[in-house]
Amino acid sequence: MPLSDVLSVFLIATIASCISLGSAYRIPPPTIVVHQPSGLKVSIPDENGIILFAFHGKVNERLEQNEVGTLYDDIQKAQDGRWTYQNNSVALKKGDKLHYWLYVQNEKLAYRLEDQVFEVMEFNTPTVIQIPEPVIIHERPQCEFSRTYVNGDHVCKSTLVFEENFDTLNGSIWTREVKFPKDTEDAEFCSYQDRPENSYIRDGKLFIVPSLQEEVPGFNESFIRRGKLDFGKRCTPSTILNNPIECERQAGVTQVVSPVVSAQLTTKNSFKFKYGKVVIRAKLPTGDWLFPEMFLKSSQNVFGDDNLVNGLMRVAFIHSNKQLQTEQGAETDGLYLRGQLVLDRSEANREKWMKVEIGQQHWGADFHEYSLTWTDEMISMAVDGKPYAHFRDKFCDKDHPCNIEHASLWESGSKLAPFDQEVYLVLGVGVGGLSDFPENCRTGPDRHPKPWRNTDPRAEKNFYNDKKSWYPTWQGEEAGLQVDWVKIYSL
C-alpha cells in the first residue's frame, strides 16, 4: 500500500539524506531476466559489506515515491555470488514496463536506486542495466546508520520520519477504527466509530470527543439495554475479519450495547516503526472516567493475538477526573501524569511499570508536549522536555519474577521484549474499562464511588446506570483529546 503524500515527504527527505552521492559505494548495475511463460529475476553481484538487498516494483504502473509496490521482497542472503529477487508467478509480455526501485544496506549505511524503468524486449536473456554516473554533490551529508526502522526499512539517524500537523484529516494516513473493544483484558465502555462529530479537524487541531450512543439518531435508552448493534463490513477488527467480539454487540441480562461513542485513529495501514522518539503536543480530556489514548501498539503480534501479550507503550495517560481518590485516600486524578508500559491486566503489575509526574494543574487544562523515547535498551517518557520515567531492566525472567502468565513467551525476544517489534500510533479517548481505574476509588467533592467493579460481568451496565453522575462532568470539547501535532524522529 502506498504511503500518503504527506508521510512520503518526510520519508523521502530521510531517504534522500541516506544516499551519499559522493560516497565510495554505489549500488552495482542490476541484472534483469524475464522468463516465459512466467518468471522474473532481478539481481546484483555480491560485494563486501552488503547485508541486505530489497526490490520493489510494479508492472505498467508508475511507483509513487517510497511506495512498496505489488512485487517486493527483502533478500537477506546472497546465493551463488548474487543478491537475487525472484518471482516465478509474475507473467510479463513484450512491451510491458517494469517500474522499480532498489534498496541496499552496505555496512552501516543505506542506499537506494530510485525511479527505474525496464521495458520487456526479449525473454530468457539477462539484461544488465547501465546506471548513469551521478552528479557529485560533495556538501550533501552522509547518512549515519540508524537503529530506527520505518515500515520495515532502516532510515538515517536523527531525522524526522513522521510529521502530522492536522491541517486536514488525511485518510491515507489515519484509519478511523469502527469496532467494540475486545471483551477481554482492558475492554473500555465505548465503541469506536467514524462519526464526524467524534473526530474532526478545526483550526489545525485534531479533536476526539466522546458522546452518548443514545443521542445518535435512531438510538435511545431502550436500544442500549435491549438492542443489537452490528457494524458489518464497516468493522475494523484487530486481527480477524468480522470478528464478532469486535464487530457486534447484543444487549442482554448482564450486558448493554456500549453506551458511549468515541473515536480512535491509528496509523496501522500507513506508518509503522521500530525504535524512535515520539513527541505529541496535546491537551488531555477532562471528565469523570475518561482517559486519553496516546499509545504505541504492536503491528505484528509476535507473541500472540492478545494485546497485552505484546504490550502497550503509553506516551501519556491520566485519570481524567478532576477529583479522584483511591480506597486508601491517595489522590489519583488528572493532576497525576502517568508514563506507563502496560504488560498485564493486574493493578499491581500496572503500578510496577508506571511513573508519575505531578502537575501544577489538571493536565487537561492546557497543551503540553508529551514524548516517549524507545531504543533497544531503554524506554523513557518526558513532558515539556522534562524526563520523568525510565525503564531499562528486563521485565520478567528468573531474576525478575513478575507473576505474569504470558511472560514466558517473551523469552524468545530481546532484553526489552515484548517491546522489540514494529508498532503503530493510536490516538483516541477511552471510557471506564476493566483495569485502569482502581477498585473502590471515589470521584468528585462528594466522593461518589466508582459505579462498577472491574471483575463484575455487569461492569459496563453498572457504569451506564450511573450516567446521571458522570455525564454532567463531560463539558463538550473539554471532554475530548485535542492534538496540535505529532512528530516522530529516528535515533
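What you see is a predicted model; the values in this text were computed from it and never measured.
Counting all heavy atoms, side chain and backbone alike, Gln421 lies closest to Gln300 at CB-OE1, 3.1 Å. The two residues Tyr424 and Val426 have their closest heavy-atom pair at CE1-CG2, 3.6 Å. Nearest heavy atom pair, residue Pro292 against residue Ser320, reads CD-OG, 4.0 Å. Shortest non-hydrogen contact noted between Leu416 and Thr375 is CD1-O, 3.3 Å. When every heavy atom of Val155 is checked against every heavy atom of Ser490, the shortest pair comes out as CG2-CB, 3.7 Å. The two residues Phe391 and Met354 have their closest heavy-atom pair at CE2-N, 3.9 Å.
Cation-pi geometry between Arg112 and Trp101 is met: under 6.0 angstrom from the ring centre, within 45 degrees of the axis. In this structure, Arg176 forms no cation-pi arrangement with Tyr192, as its terminal cationic atom is not both closer than 6.0 Å to the ring centre and no more than 45° off the ring axis. Geometric assessment of Lys487 against the ring of Trp485 yields a positive cation-pi assignment under the 6.0 Å and 45° thresholds.
Between Phe189 and Phe463, the ring planes lie tilted relative to each other; the angle falls in the 30° to 60° range. Taking the six-membered ring for Trp and thresholds of 30 and 60 degrees, Phe219 and Phe223 have ring planes more than 60 degrees apart, a perpendicular arrangement.
Side chain of Lys461 to main chain of Val257: no donor-acceptor pair is present (N/O by atom type, distance under 3.5 Å, no hydrogens or angles). Remark: side-chain polar atoms of Asn151 are paired, donor with acceptor, to backbone N or O of Ser270 under 3.5 angstrom. A donor-acceptor pair is defined here as one N or O able to donate and one able to accept, closer than 3.5 Å; such a pair exists between the side chain of Gln250 and the backbone of Gly227. The main-chain N or O of Gln323 is found under 3.5 Å from a side-chain atom of Thr443 such that the two form a donor-acceptor pair.
Side chains of Glu357 and Trp363: no donor on one and acceptor on the other come within 3.5 Å. A donor and an acceptor atom, one from each side chain of His448 and Asp288, are nowhere located under 3.5 Å apart. With no hydrogens or angles considered, no side-chain donor-acceptor pair links Glu460 and Gln255 at under 3.5 Å. A donor atom on one side chain and an acceptor atom on the other are not found under 3.5 Å apart for His319 and Asp333. The closest side-chain donor-acceptor pair between Arg442 and Asn321, if any, does not fall under 3.5 angstrom. Side-chain contact, Gln193 with Ser191: a donor N or O sits under 3.5 Å from an acceptor N or O. A donor and an acceptor atom, one from each side chain of Glu246 and Ser238, are located under 3.5 Å apart. Side chains of Glu177 and Thr236: a donor-acceptor N/O pair is present below 3.5 angstrom, by distance only. For Ser346 and Asp344, the side-chain atoms include at least one donor-acceptor pair closer than 3.5 Å. When only modelled atom types and interatomic distance are considered, Glu163 and Tyr489 share no side-chain donor-acceptor pair under 3.5 Å.
Of the inter-residue distances, the one linking Ile173 atom CD1 with Thr267 atom OG1 reads 9.0 Å to the nearest 0.5 angstrom. Atoms CD and CE, on Gln340 and Met313 in that order, are 13.0 Å from each other to the nearest 0.5 Å.
Other residues, nucleotides and ligands contribute at most 12 non-hydrogen atoms within 6.0 Å of the CD atom of Gln360. Residue Asp384 qualifies as enclosed at atom CG: its count of foreign heavy atoms under 6.0 Å is above 12. Crowding of Lys355 atom NZ: a count of heavy atoms from other residues, nucleotides or ligands under 6.0 Å not exceeding 12.
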| query | Would Phe180 and Phe231 satisfy ring pair (Phe, Tyr, Trp, His ring centres under 6.0 Å), going step by step from the backbone distance to the final call? | reply | CA-CA 9 Å; Phe180 296 99; Phe231 293 132; 4.8 Å; yes
| task | Under the ring pair (Phe, Tyr, Trp, His ring centres under 6.0 Å) rule, what do Trp174 and Phe271 come out as? Steps first, then yes or no, please. | result | CA-CA 9 Å; Trp174 300 101; Phe271 179 83; 9.4 Å; no
| Would Phe291 and Glu188 satisfy side chain to side chain contact (heavy atoms under 4.5 Å, CB included), going step by step from the backbone distance to the final call? | CA-CA 10 Å; Phe291 58 88; Glu188 306 91 89; 3.8 Å; yes
| query | Between Arg458 and Arg453, does a side chain to side chain contact (heavy atoms under 4.5 Å, CB included) hold up when you go through it step by step? | reply | CA-CA 8 Å; Arg458 301 165 298 178; Arg453 293 191 63 83; over 6 Å; no
| field | From CA spacing to verdict: salt bridge (Lys or Arg N to Asp or Glu O under 4.0 Å), Arg249, Asp230 | value | CA-CA 6 Å; Arg249 183 67 58 85; Asp230 188 343; over 6 Å; no
| task | Apply the test salt bridge (Lys or Arg N to Asp or Glu O under 4.0 Å) to residues Glu214 and Lys467: give CA-CA distance (whole Å), side-chain angles for both, the deciding distance (0.1 Å), then the verdict. | result | CA-CA 12 Å; Glu214 64 189 51; Lys467 181 182 65 175; 2.7 Å; yes
| said: For a side chain to side chain contact (heavy atoms under 4.5 Å, CB included) check, start with the C-alpha distance between Leu343 and Leu308, then their side-chain angles and the critical distance, and finish with the verdict. | reply: CA-CA 5 Å; Leu343 294 158; Leu308 298 187; over 6 Å; no
| task | In sequence, state the C-alpha distance, the side-chain angles, and the governing distance for Trp289 and Trp452, and then conclude on ring pair (Phe, Tyr, Trp, His ring centres under 6.0 Å). | result | CA-CA 11 Å; Trp289 315 125; Trp452 75 94; 5.2 Å; yes
| request: Show your working on side chain to side chain contact (heavy atoms under 4.5 Å, CB included) between Ser146 and Cys156 and close with a plain yes or no. | output: CA-CA 5 Å; Ser146 169; Cys156 297; 5.6 Å; no
Just list the side-chain donor-acceptor pairs under 3.5 Å for residues 272-280, sequence neighbours left out, or say none.
from   : atom 1 : to     : atom 2 : distance (Å)
Lys272 : NZ     : Lys268 : O      : 3.3
Lys274 : NZ     : Asp420 : O      : 3.3

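Every residue two or more places apart in sequence or in another chain was checked for a side chain to side chain donor-acceptor pair (under 3.5 Å) with His390, and none qualifies. With sequence neighbours left out, the side chain to side chain contact (heavy atoms under 4.5 Å, CB included) criterion links Asp484 to Lys205, Arg281, Phe367. The side chain to side chain contact (heavy atoms under 4.5 Å, CB included) test applied to Ala407 returns Cys396, Cys402, Ile404, Trp410, not counting sequence neighbours. Tyr336 is linked by a ring pair (Phe, Tyr, Trp, His ring centres under 6.0 Å) to nothing, counting only residues two or more places apart in sequence or in another chain. Take Leu409 and apply the side chain to side chain contact (heavy atoms under 4.5 Å, CB included) test, not counting sequence neighbours, and it matches Phe303, Val309, His406.
Of the candidates Thr332, Asn454, Leu324, Leu324 is the only one forming a side chain to side chain contact (heavy atoms under 4.5 Å, CB included) with Phe437.
Salt bridge absent: Lys415 and Glu377 never bring a charged side-chain N and a carboxylate O closer than 4.0 Å. With respect to the salt-bridge test (charged N to carboxylate O, under 4.0 angstrom), the residues Arg314 and Asp436 qualify. A salt bridge does not link Lys283 with Glu477: every distance from a Lys NZ or Arg NE/NH1/NH2 to an Asp or Glu carboxylate oxygen is 4.0 Å or more. Between Arg147 and Asp376, at least one side-chain N (NZ, or NE/NH1/NH2) sits under 4.0 Å from a carboxylate O, which counts as a salt bridge.
Ring to ring, Trp374 and Phe419 are not that close: their centroids are 6.0 angstrom or more apart.
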